[in-house]
Amino acid sequence: MVEMKLSYRITKYKDKHDDDCYYSHAQEWSSFFDVGSKVSLQEYIAVEDSYIDFLIAACRYYQVTSLQIVGLEVYESTEYKDMSIVDIDSVPQVVRDILREKIWAKLVAPYLEFHFGYDFYMYFLCEDNKEMFISTVDTPLTVDAYISPYLTN
C-alpha cells in the first residue's frame with residue numbers, strides 16, 4: 001500500500017471550536033437516525049449526496065474506476081465482503097450504507113483512500129502532491145487538512 005502524502009477531513013459542519021475543531025450544534029443532526037426528528041429525509045439525502053459527489057469527483061480526477069472495501073464491519077445484513085472490489089457505479093450505495101451506519105469500511109484505491117468517522121466525518125487521503133484536486137473540487141462541504149484517525153501503520 002502506498003503511503004499517502006495528503007489527508008483531508010470532509011464534513012458538513014461549518015462552525016469551529018477555539019481548538020480549531022469543527023462541531024455540530026445540539027439541535028443539528030449528525031446521523032441517519034436523526035431523520036424525522038432533527039432533519040427531513042430530503043435534507044438528509046441532499047447532504048449525503050454531497051459526500052458521494054465529493055468521493056466520485058475525486059475518483060474521476062484520479063481516474064479511479066473501482067475501490068476496495070477494507071476493514072469491513074457489518075451492523076445490518078449485507079452482501080458486502082471485506083477486501084472485495086466495488087466498481088465506481090456501485091460506490092454510491094456503499095457510501096450510503098456507511099453513512100447510514102449499516103456497515104463501516106474504508107474505501108481504498110492504489111493512490112487514494114476514503115475513511116469514515118462518526119458524526120458525518122469523512123477523510124480523504126491521496127498520494128498526489130502536484131495538481132491539487134482539493135483546489136478544483138466544487139463542494140458545499142468543509143474540507144481541511146487533517147490526518148485521518150483511521151490510518152494504520
Side-chain angles (χ1 to χ4, degrees), residues 1-14 21-128 133-134 137 139-153:
M1 192 153 297
V2 174
E3 183 178 330
M4 300 295 163
K5 294 180 182 174
L6 304 172
S7 180
Y8 298 91
R9 178 177 50 193
I10 317 304
T11 182
K12 69 184 194 79
Y13 307 119
K14 306 290 183 202
C21 289
Y22 290 95
Y23 68 95
S24 63
H25 298 281
Q27 69 277 13
E28 188 170 9
W29 66 272
S30 60
S31 168
F32 178 71
F33 297 105
D34 291 330
V35 170
S37 61
K38 292 185 175 183
V39 64
S40 71
L41 181 59
Q42 182 179 3
E43 290 172 289
Y44 172 87
I45 289 172
V47 173
E48 187 179 67
D49 286 347
S50 296
Y51 282 77
I52 292 167
D53 292 347
F54 181 96
L55 187 146
I56 296 298
C59 288
R60 286 189 180 129
Y61 183 90
Y62 289 98
Q63 299 177 348
V64 169
T65 59
S66 63
L67 294 167
Q68 185 172 34
I69 295 174
V70 176
L72 178 66
E73 296 175 15
V74 177
Y75 307 118
E76 288 188 17
S77 181
T78 182
E79 298 296 318
Y80 302 120
K81 302 286 184 227
D82 195 31
M83 305 307 287
S84 61
I85 304 295
V86 180
D87 68 71
I88 202 69
D89 294 332
S90 300
V91 165
Q93 187 58 54
V94 176
V95 174
R96 285 188 201 287
D97 289 344
I98 292 170
L99 293 175
R100 294 178 185 195
E101 303 173 50
K102 293 180 179 183
I103 65 168
W104 182 90
K106 295 177 185 177
L107 299 177
V108 178
Y111 298 104
L112 64 126
E113 296 184 12
F114 298 92
H115 303 169
F116 298 84
Y118 295 102
D119 298 335
F120 265 70
Y121 286 102
M122 180 171 76
Y123 302 90
F124 168 61
L125 296 82
C126 57
E127 199 277 328
D128 182 65
F133 163 73
I134 295 300
V137 67
T139 182
L141 301 171
T142 301
V143 179
D144 65 330
Y146 194 92
I147 296 175
S148 171
Y150 300 96
L151 280 171
T152 53
N153 295 333

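Side chains are part of it too, since the values below use all heavy atoms of this structure and drop only hydrogens, waters and symmetry mates. Predicted model, so just to flag it, every value in this text is computed and none were measured.
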Taking all heavy atoms of Met122 and all of Phe114, pick out the closest pair and write down the distance. SD-CD2, 4.3 Å

is_close_aromatic(Tyr62, Tyr111), centroid dist under 6.0 Å: no

Quick check: closest heavy atoms across Phe32 and Glu101, and the distance to 0.1 Å? N-OE2, 4.2 Å

Rounded to the nearest 0.5 Å, how far apart are CG of Leu67 and CD1 of Ile88? 5.0 Å

Minimum heavy-atom separation for Cys126 to Tyr8, with atom names? SG-CE1, 4.5 Å

Just by distance, do the side chain of Trp29 and the backbone of Val35 share a donor-acceptor pair under 3.5 Å? no

Atom pair OH/NZ of Tyr75 and Lys102 - distance to nearest 0.5 Å: 14.5 Å

Ile85 CD1 to Ser66 OG distance, which is reported to the nearest 0.5 Å: 5.5 Å

Looking at Tyr13 and Ser30, what are the two nearest heavy atoms and their distance? OH-CB, 3.3 Å

Are Phe133 and Phe124 an aromatic pair by the rule of ring centers under 6.0 Å? yes

More than 12 heavy atoms of other residues, nucleotides or ligands under 6.0 Å from CD of Glu79: yes or no? no

Got a sec: does the CD of Gln63 have more than 12 other heavy atoms crowding it under 6.0 Å? no

Closest heavy-atom contact between Tyr80 and Thr78? CD1-OG1, 2.7 Å

Thr11 side chain to Thr142 backbone, donor-acceptor under 3.5 Å: no

Just by modelled atom types, is the Val108 backbone N or O under 3.5 Å from a matching donor or acceptor in the Glu113 side chain? no

Passes side-chain contact (heavy atoms from CB on, under 4.5 Å), Val70 versus Met83? Steps please. CA-CA 5 Å; Val70 176; Met83 305 307 287; 4.2 Å; yes

How many angstroms lie between atom CD1 of Ile69 and atom OG of Ser90, to the nearest 0.5 angstrom? 9.5 Å

Roughly how far apart are Arg96 CZ and Tyr51 OH, rounded to 0.5 Å? 13.5 Å

Any Lys/Arg nitrogen of Glu28 or Lys12 sitting under 4.0 Å from an Asp/Glu carboxylate oxygen of the other? yes

Note, Val95 side chain near Glu48 side chain (heavy atom, < 4.5 Å): no

Would you say the side chain of Val91 lies within less than 4.5 Å of the side chain of Cys59, judging by non-hydrogen atoms? no

Verify whether the ring centers belonging to Tyr150 and Tyr121 lie closer than 6.0 Å. no

Distance, nearest 0.5 Å, that separates CZ of Phe116 from CG of Asp97: 11.0 Å

I need the minimum non-hydrogen distance between Ile103 and Val74, along with the two atoms involved. CG2-CA, 4.4 Å

